[in-house]
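All remarks here apply to the structure that follows.
Labels below follow one simple rule: chain letters A, B, ... track the order of the sequence lines, proteins then strands, and each chain is numbered from 1. Only a predicted model underlies this, so the values are computations on that prediction, with no experimental measurement involved.
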2 protein chains.
Amino acid sequence: MSEFRPVATRRAFEDITAQIRDRLMRKSLQSGDRLPAERQLAEQFRVSRNTLREALRSLEIAGLVELKKGASGGAFIREGGGEAVVAGLSDLFRMGAIRPEHLTEARILVGTEVTRLACKRRNKMDLAALEANVRAAQAATGRGETARRAEINYEFHRLLARATRNPVLIVLTDALMEMTRHFVETIGYQPNRYVLPSRRRLLALLRDGDAAGAAKEMEQMLKRLQRSHLASYGKTK
Amino acid sequence: MSEFRPVATRRAFEDITAQIRDRLMRKSLQSGDRLPAERQLAEQFRVSRNTLREALRSLEIAGLVELKKGASGGAFIREGGGEAVVAGLSDLFRMGAIRPEHLTEARILVGTEVTRLACKRRNKMDLAALEANVRAAQAATGRGETARRAEINYEFHRLLARATRNPVLIVLTDALMEMTRHFVETIGYQPNRYVLPSRRRLLALLRDGDAAGAAKEMEQMLKRLQRSHLASYGKTK
DNA sequence: GACTATAATTGGTAGAACCATTGAAAGCAA
DNA sequence: TTGCTTTCAATGGTTCTACCAATTATAGTC
């Protein structure tokens, strides 16, 4: 392995974003803080406003700042929400780098572990939110609102991930659900009779704190979902 | 829940990126393709070159295109590498939204499942690469090259993830290793005596195809690593 | 005090110009 | 012909100026 590294003629906007990222890491900039106005910042960095705007655009896409118009507007530091990660994985799915079989497999592995951990950490508020979600799912099913039903189902997994208190699992689950939404839109939503009963069994296991049982229930449900999803996909292909 | 959605006064550059993303999804644009030159594209979209450049910058940060200078340069469609996802999670770690205990916990959960799946799918080339990695780790340890040793260790996990053939797990592992690198840089690399023996046991289990055993071995090693990492972190805090 | 019109601030867009890098084509020499 | 050098055109990177559009603070009015 060579001791050299590729020469990197850094572009001006990259230098700017690096400086701001550095201040973020050193807590010299925190969420909610506002950066000076574009014209002022451009002067401080000794670059044109165009170049500065490319830097801000880059930070905005990365989810680090939010740009607001008008007086008392400007670039505000966002708190880490993970939108960039979700968008990045969605792009991979759109481009075909992540295929349906990869997505469903990852959902099984991640969903099972999320369920296991959520069962150990969930509090009463988590349980209440999950129960409300299942009630909403039942109501939507009764009214035949399939699209709404799908959204409620995704939300269940997001709620469960939040109960783990681990942001890595939270943002990963958000991304998996976003990809699943894209996927299901292409193959068409298929009503089924097994998700809702599984949810009820899962709720009981979560209440009892039976982590192994809850994980098993989730795993089996996700495997069943995988089979039907991939079957639908095979037909449309 | 309301039926309305927030009004979104779309900015020009967002319209442009949406159009290009759409062509990517419909395979009308594929990796390796080259977009027209900036001046030409600006004319086609009926926007100024500034606005078009902001759109290209956005796509570049998202990892969808690569910009090259010079004659026969331009914006080239990249194949999905997941750099944006890695960068996004790294940002979350830098900003403190993901904390060391979250990182180490996620590594245990993901690493265990990656090992299990890799054990089922690995071929001879995967095994050879992993064995070469462990040999390199031993050599680096013998020469006392701690920084190089750390890099080789991260590479082991990346190689293992690639053996799963699942891009979601691959990019996730890449991101976890990148965050770990940041983390270890701040707490200082601690040489240890248990990783290398664990690697040898793991290799044997991978060769035998003992998925459960390999997963267990990885899990125990990662938990031990977690304890020492968090202990070091507690001292520096 | 509540409402309204005004003004100031700020991000969004446009257009032209120039620089720096890159690679291909033309020219030249052996 | 072959190989090297020079030239040149294409392209991204950067700057500057001007104006538009949205937003909010502020002064003014009833």
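Between A:Glu178 and A:Arg181 there is a salt bridge, since a side-chain N of the basic residue sits under 4.0 Å from a carboxylate O of the acidic one. The pair B:Arg57-B:Glu60 meets the salt-bridge criterion, with a side-chain N (NZ, NE, NH1 or NH2) lying under 4.0 Å from an Asp/Glu carboxylate O. Salt bridge status for A:Arg78 with A:Glu83: present, with a side-chain N to carboxylate O gap under 4.0 Å.
For the pair B:Arg165 and A:His102, the minimum side-chain heavy-atom distance is 4.5 Å or more.
Counting heavy atoms of neighbouring residues, nucleotides and ligands inside a 6.0 Å radius, atom CD of A:Glu43 does not exceed 12 of them.
As a whole-Å value, the separation of B:Glu14 CD from C:dG11 P is 16 Å. Atom pair A:Glu66:CD and C:dT10:P shows a separation of 17 Å (rounding to whole Å applied).
If you check distances only, the side chain of A:Asn50 does reach the base of D:dT15 with a donor-acceptor pair under 3.5 Å.
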Does the protein touch nucleotides 6-13 of chain D at the base, only the backbone, or not at all? Give it as B, S and - per nucleotide, heavy atoms under 4.0 Å.
----BBBB
